[in-house]
Undergrad: 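Attaching a single structure in structure tokens format; questions to follow.
In listed order, ligands and their atoms are each counted from 1.
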Amino acid sequence: MRYLIVILYICVLLLYLNEADIQCTKAYSIICYIQGQSISPTNPFIIVNSNQTKASSVIIFDGQMPIMPNTIFLNNPQISTISINSMNLQQIAPDNFANGGNLKSIIIMKGMIKTLGNGTFKSCTNLLQLQITEQQISFIDINTFLGLQNLQILVLNNNQISSLHPLLFNPLISLSVILLQNNSLNSLDSTLFVKNTMLSGIYFAGNSITDLSNDLFKNQNFKSGSIDFSYNYLTTAQSYGASTINFSFNKLKTFYLSSGESTINIRNNFLRKIICPNSIPTVKRLYLSNNSLSNFLCIRDMVNLTELDVSENKYLIKPTKNTFMKLTKLMILTMCNMTKFTSIPAKAFVSTQNSLYNLRVDSLSSYKIVKQLLPQLTVLAINTLNKNCTYLQSLKTLLKNQSISMNYCAIEDRNRCN
Ligand SMILES: *[C@@H]1O[C@H](CO)[C@@H](O)[C@H](O)[C@H]1NC(C)=O
Ligand SMILES: *[C@@H]1O[C@H](CO)[C@@H](O)[C@H](O)[C@H]1NC(C)=O
Ligand SMILES: *[C@@H]1O[C@H](CO)[C@@H](O)[C@H](O)[C@H]1NC(C)=O
Ligand SMILES: *[C@@H]1O[C@H](CO)[C@@H](O)[C@H](O)[C@H]1NC(C)=O
Ligand SMILES: *[C@@H]1O[C@H](CO)[C@@H](O)[C@H](O)[C@H]1NC(C)=O
Ligand SMILES: *[C@@H]1O[C@H](CO)[C@@H](O)[C@H](O)[C@H]1NC(C)=O
Ligand SMILES: *[C@@H]1O[C@H](CO)[C@@H](O)[C@H](O)[C@H]1NC(C)=O
Ligand SMILES: *[C@@H]1O[C@H](CO)[C@@H](O)[C@H](O)[C@H]1NC(C)=O
Ligand SMILES: *[C@@H]1O[C@H](CO)[C@@H](O)[C@H](O)[C@H]1NC(C)=O
């Protein structure tokens, strides 16, 4: 009996050692992890899963597979998700995904792929998600995405893509989200997205784009969409009516609102003005720190604004009682590191008295009556630069007596007087 078990054990072991087989180094129900293996292009790739379930998610990582075997999907047609991470993959050959008709998701991370070629995914007609990130892709041929009419998510972050053919995305009629962050794009053709009418998430942060056409998103309805072009070289931009917008860290001098925006991040630009639409702006959160605004035009009309940051706008005029008159829903206001003015009378904020609970300013002209004027206030941050600890301690007590906790414009300064 004992010998029988040993012989059986050896047989099982031999089965596993068969070069042709791929063993899951870990398997949880339908997920098979293949870690630290060297996989040759001639390997027939037959998955031996000790748990005897047919793995539909295969995650191959931390090993060597410079060239992908063509047999992966032929021999394992049940695979719907494949992830290839840190396998030193050098290229995707035309036949690698030839049997990928059941694939829903392809994720390829951390490799050395340099180009994507015509028809690579033409069999993957059910693919919903394609991610090829942290490679060295600099060229994508015009017909690369042929057949991907169901693709919803395309991620090509952290590559070296410097141009996109105007017809490249035409087959992607179901595309909903596209991420091309940290590439080398200088421009986008105005017709690039004409066929992608379902697009609602556009993430192109970290490129070198200098200009965007007004017509770029003319076929999209962005009502609940997001666009992110932060960390580019744009000098002028518009919101395209998206709900969440990020153009921070560009070179914007002007920014045009249309309508329907909810959150706008345009920090760290050279903005002198924001151009409002003819209708009342719908913006709820506006982040404008480190720009060159000199007045509150347009901002003062944002009746639904709940959060505003205008810190470090060195030309901005000091607000008066009229400035925030229409902003009766403002909850968080940040105006730190201003140079043209320091202290502001607390009464400048009275119109926000039913909502303002977090105020960050360099200093107020009277701290004694701040709670009387702003009954909702629970946090007041001030600029503590050049202020001695004796003064700060008494101010803290004064505010504490009004149930307001003192905070700091510069987080670094928080512990200075402890
Ligand atoms: C088989 O699956 C169980 C739980 O589903 C897991 O604990 C075990 O590690 C798996 N075996 C292998 C060899 O991966
Ligand atoms: C890809 O397809 C286009 C259009 O048919 C063709 O012009 C181009 O030469 C093809 N690329 C390669 C590498 O064959
Ligand atoms: C892009 O690069 C920046 C700077 O290196 C990095 O902080 C950011 O996480 C990157 N974005 C993505 C999506 O990897
Ligand atoms: C852009 O701003 C939005 C909203 O503030 C934020 O969620 C997003 O992470 C920002 N993007 C980058 C690349 O910093
Ligand atoms: C303000 O923006 C400029 C230009 O983008 C940048 O060089 C500078 O570092 C920013 N300052 C801060 C404090 O973020
Ligand atoms: C402001 O918010 C209210 C309540 O959500 C909404 O009915 C109104 O249309 C909004 N006005 C604008 C200009 O966004
Ligand atoms: C601390 O600052 C206050 C007001 O700014 C000043 O009146 C006081 O003399 C200062 N105390 C010390 C010890 O420097
Ligand atoms: C805070 O309030 C207490 C009691 O209400 C009072 O004795 C104290 O003087 C007040 N301190 C300051 C700094 O106003
Ligand atoms: C104000 O400036 C300080 C020092 O440069 C910086 O650390 C802090 O983040 C700034 N605060 C705001 C709200 O911009």
Undergrad: Look at ligand 4 and say whether S248 reaches it with a heavy atom at a distance under 4.0 Å.
TA: no
Undergrad: Look only at the side chain of Q37 and the backbone of Q35, and say whether a donor-acceptor pair between them is shorter than 3.5 Å.
TA: yes
Undergrad: Donor-acceptor pair, N182 side chain versus N158 backbone, under 3.5 Å?
TA: no
Undergrad: Students should be able to answer this: which protein heavy-atom is nearest to atom 13 (C) of ligand 4, and at what distance?
TA: S230 OG, 3.3 Å
Undergrad: Find all atoms of ligand 2 within a distance of less than 4.0 Å from any non-hydrogen atom belonging to D141, and give their numbers and elements.
TA: 1 (C), 10 (C), 11 (N), 12 (C), 13 (C)
Undergrad: Could you tell me whether some N/O pair between N250 and ligand 5 is separated by less than 3.5 angstrom?
TA: no
Undergrad: With nothing but distance in play, are any N or O atoms of N268 less than 3.5 Å from an N or O of ligand 5?
TA: yes
Undergrad: Please check: side-chain N/O of S258 versus main-chain N/O of G241, any donor-acceptor pairing under 3.5 Å?
TA: yes
Undergrad: Going through the checks in order, is the side-chain hydrogen bond (donor to acceptor under 3.5 Å, both in side chains) test met by N88 and Q90?
TA: CA-CA 6 Å; N88 194 25; Q90 309 282 316; 3.0 Å; yes
Undergrad: Does N159 reach the main-chain N or O of N157 with its side chain, forming a donor-acceptor pair under 3.5 Å?
TA: yes
Undergrad: Among all the protein's non-hydrogen atoms, which is closest to atom 4 (C) of ligand 2, and how far away is it?
TA: N143 ND2, 3.5 Å
Undergrad: Could you please spell out the steps behind the side chain to side chain contact (heavy atoms under 4.5 Å, CB included) verdict for L395 and I382?
TA: CA-CA 10 Å; L395 184 56; I382 60 154; 3.5 Å; yes
Undergrad: Specify the protein heavy atom at minimum distance from atom 5 (O) of ligand 4: its residue, its atom name, and the distance to 0.1 Å.
TA: N265 ND2, 3.4 Å
Undergrad: Consider only side-chain N and O atoms of N383 and N337, and report whether a donor and an acceptor are under 3.5 Å apart.
TA: yes
Undergrad: Any sub-3.5 Å donor-acceptor pair from R285's side-chain atoms to T244's backbone N or O?
TA: no
Undergrad: Do NZ/NE/NH1/NH2 and the carboxylate oxygens of R267 and D309 come within less than 4.0 Å?
TA: yes
Undergrad: Distance only, no hydrogens: is a donor on one side chain within 3.5 Å (strictly under) of an acceptor on the other, for D215 and S213?
TA: no
Undergrad: Any idea which atoms of ligand 2 are less than 4.0 Å away from a heavy-atom of I142?
TA: 2 (O), 3 (C), 4 (C)
Undergrad: Does E312 approach ligand 5 within less than 4.0 angstrom via side chain, backbone, both or neither, non-hydrogen atoms only?
TA: side chain
Undergrad: Would you say T263 and ligand 4 have an N/O pair spaced under 3.5 Å apart?
TA: no
Undergrad: Measure from atom 2 (O) of ligand 5 to the protein's non-hydrogen atoms and state whether any distance is below 4.0 Å.
TA: yes
Undergrad: Among all the protein's non-hydrogen atoms, which is closest to atom 9 (O) of ligand 2, and how far away is it?
TA: N118 ND2, 4.8 Å
Undergrad: To which protein heavy atom is atom 6 (C) of ligand 4 closest, and what is the distance rounded to 0.1 Å?
TA: N246 ND2, 4.1 Å
Undergrad: Atom 12 (C) of ligand 5: which protein heavy atom is closest, and how many Å away?
TA: N290 ND2, 3.2 Å
Undergrad: Measure from atom 11 (N) of ligand 4 to every heavy atom in I264, D228, I245 and give the option owning the shortest one.
TA: D228
